[in-house]
Number of protein chains: 2
Amino acid sequence: MKPASKETSRALNTYTKLMRAAESVTSRVHRVLAMPQLTISQFGVLEALYHKGPLCQRDIGSKILKSSGNITLVIDNLEKRNLVIRVRDESDRRYFTINLTEAGTDLIAKVFEDVEASIVREMASLEENEQVLLGQLCKKLGMKGGVAS
Amino acid sequence: MKPASKETSRALNTYTKLMRAAESVTSRVHRVLAMPQLTISQFGVLEALYHKGPLCQRDIGSKILKSSGNITLVIDNLEKRNLVIRVRDESDRRYFTINLTEAGTDLIAKVFEDVEASIVREMASLEENEQVLLGQLCKKLGMKGGVAS
DNA sequence: GTCGTATAGTTTAATGTTAAGTTATATTAT
DNA sequence: ATAATATAACTTAACATTAAACTATACGAC
């Protein structure tokens, strides 16, 4: 194990803190999903439909970053619970448009509110200006091909 | 969908950016693991042993935040590949001490170096002082029970 | 010492996930 | 029009993960 340079230590250190923060915050936020018995993917699908309106499976998949096979299963399970419904697109029959049912809309409205409250609670550890700053730094970091060496 | 307050919007916004950054960075860092055919958990175990020395499965589990059943499987798979070896603790026979083999040590040394380089590359999107700042904010955010309301 | 409790690790069943291959439909080139 | 290609969704097989039940070992009270 060779000694790490100062730059390397700093990068590792920051990386670790970033990962721990993300994990610690999400794990607490996701507890809200236990009650309505939603998986994270199921919540992601419902949330996407709630905020963007009806979508086809491909678009949902690219939104929540899951494989198409997985989306099929997630939608199956949501459909079994009557939270969404598949509607064949008649102008291009390869597509389904996935719609929230009334029950699905009610559920996600409530759950999203809880998740939102949980996020606000988590973020309250930071002052207003700190939140803004954190957002800026994360955005800069997340940009692909930032300052690749 | 009721209109979100300014505080709520800010919190959600920051949360989203944090999650995106974490995901975007890890997904690129983890690509390094494809070549040596290591899962993230396997890497986590090897890395823990590499930096902390031999550990029992319980300690490994609490380090990489996985269930005990999962640790058993991960260690099984690493043992099959001769990267680690279980040694029964004779003073308390309930425990195994998990040791890196020579092959395991060689592999994780190399892989960790690559991961490290990848992290440094990712973090290079931020200036030195920005990295430090990000680390501080993440630390503050990650602390349990920060300023719960 | 023996019995009850606690702990480390294993096993099993259920579920989520992906990658690869399949089917149905649409589009494009000829 | 027909053939080749592309695309949306589905299926399947492999594997990771967890929770819960289980086994083996240790410890503590009596």
Side-chain angles (χ1 to χ4, degrees), chain A residues 23 26-28 30-31 33-49 52 54-81 83-99, chain B residues 19 23 26-28 30-49 52 54-81 83-99:
Chain A
E23 187 176 83
T26 43
S27 78
R28 289 194 293 264
H30 288 162
R31 277 183 208 150
L33 305 180
M35 233 277 292
Q37 298 247 69
L38 290 176
T39 66
I40 295 168
S41 292
Q42 288 172 344
F43 170 76
V45 169
L46 294 177
E47 196 264 336
L49 296 174
K52 310 219 154 186
L55 297 171
C56 69
Q57 298 188 186
R58 176 180 54 89
D59 290 346
I60 294 173
S62 72
K63 176 103 174 39
I64 70 169
L65 305 174
K66 290 288 150 67
S67 66
S68 78
N70 188 28
I71 295 295
T72 294
L73 181 68
V74 174
I75 302 289
D76 280 354
N77 290 335
L78 290 173
E79 205 170 29
K80 275 183 207 146
R81 287 172 65 182
L83 299 173
V84 304
I85 185 170
R86 282 180 170 94
V87 179
R88 183 67 82 174
D89 180 335
E90 288 304 331
S91 75
D92 184 337
R93 296 184 47 76
R94 288 171 303 180
Y95 290 78
F96 284 111
T97 301
I98 313 301
N99 294 265
Chain B
M19 294 312 141
E23 188 176 84
T26 42
S27 78
R28 290 195 293 265
H30 288 162
R31 276 183 209 151
V32 170
L33 304 180
M35 230 277 293
Q37 298 247 70
L38 291 176
T39 66
I40 294 168
S41 292
Q42 287 172 344
F43 171 75
V45 170
L46 294 179
E47 197 265 335
L49 297 175
K52 310 220 154 189
L55 296 172
C56 71
Q57 297 188 186
R58 175 181 53 90
D59 290 346
I60 293 173
S62 71
K63 176 99 174 42
I64 70 169
L65 304 175
K66 292 289 150 68
S67 66
S68 75
N70 188 30
I71 296 295
T72 294
L73 181 68
V74 173
I75 302 289
D76 281 353
N77 290 334
L78 290 173
E79 206 171 27
K80 276 182 207 145
R81 288 173 63 183
L83 299 174
V84 304
I85 184 169
R86 282 180 170 95
V87 179
R88 184 66 82 173
D89 180 336
E90 288 304 330
S91 75
D92 185 338
R93 295 186 47 76
R94 288 172 302 180
Y95 290 79
F96 283 112
T97 301
I98 313 301
N99 293 266

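Everything numeric here is computed off the predicted structure, so don't read it as measured data. Here is how names work: the chains are called A, B, and so on, in the same order as the sequence lines, proteins then strands, and each is numbered from 1.
Residue A:Ser68 places a side-chain atom within donor-acceptor reach of the base of D:dC10, judged by atom type and a 3.5 Å distance cut-off alone.
Distance CG (B:Leu33) to C1' (C:dT18): 16 Å, rounded to an integer number of Å. Taking atom CD of residue B:Gln57 and atom C1' of nucleotide D:dA24, one finds them 14 Å apart after rounding to whole Å. Rounding to whole angstrom units, CD of residue A:Glu79 and C1' of D:dC10 are separated by 13 Å. Rounded to an integer number of Å, the gap from B:Gln37 CD to D:dA16 P is 11 Å. Between B:Ile71 atom CD1 and D:dA19 atom P the separation is 13 Å, expressed in whole Å. Rounded to whole Å, the distance from CG on B:Leu73 to P on D:dA20 is 19 Å. Atom-to-atom, CG of A:Asp76 to C1' of D:dT12 comes out at 14 Å; the value is rounded to the nearest Å. The separation between B:Glu90 atom CD and D:dA24 atom P is 17 Å, rounded to whole Å.
Atom CD of A:Glu47 and atom CD1 of A:Ile60 lie 11.5 Å apart (nearest 0.5 Å). Going from atom NZ of A:Lys52 over to atom CG of A:Leu49 covers 11.0 Å, rounded to the nearest 0.5 Å.
Heavy atoms only, all atoms of each residue included: B:Ser41 and B:Val74 are closest at CB-CG2, 4.0 Å.
Between B:Asn77 and D:dA16, a side-chain N or O to OP1/OP2 separation shorter than 4.0 Å is present. Between A:Thr39 and C:dT15 there is no side-chain polar atom (N or O) within less than 4.0 angstrom of OP1 or OP2. Taking side-chain N and O atoms only, B:Thr72 has no distance below 4.0 Å to OP1 or OP2 of C:dT11. Not one side-chain nitrogen or oxygen of B:Lys66 sits closer than 4.0 Å to the OP1 or OP2 atom of D:dT18.
Contacts of A:Arg86 with the nucleic acid, taken as non-hydrogen atoms under 4.0 Å apart, involve only primed sugar atoms and P, OP1 or OP2. Heavy atoms of B:Asp92 sit under 4.0 angstrom from primed sugar atoms or phosphate atoms, though from no base atom.
Nearest-nucleotide assignment on DNA chain C puts the 5′-proximal partner with A:Ser41, out of A:Ser41 and A:Arg93. Nearest-nucleotide positions on DNA chain D for A:Gly69 and A:Tyr95 put A:Tyr95 closer to the 5' end.
For the side chain to side chain contact (heavy atoms under 4.5 Å, CB included) test with A:Tyr95, the passing option among A:Arg58, A:Arg88, A:Arg86 is A:Arg58; the others fail. Considering B:Asn77, B:Ile75, B:Leu33 as possible partners of B:Gln42, the one that fulfils the side chain to side chain contact (heavy atoms under 4.5 Å, CB included) test is B:Asn77.
Closest to the B:Asn70 side chain, of the nucleotides C:dG16, D:dT17, C:dT25, is D:dT17. Looking at the side chain of A:Ser67, the nearest of the listed nucleotides D:dA8, C:dT18, C:dT11 is C:dT18. The side chain of A:Arg94 lies closest to C:dA26, out of C:dT11, C:dA26, D:dT25.
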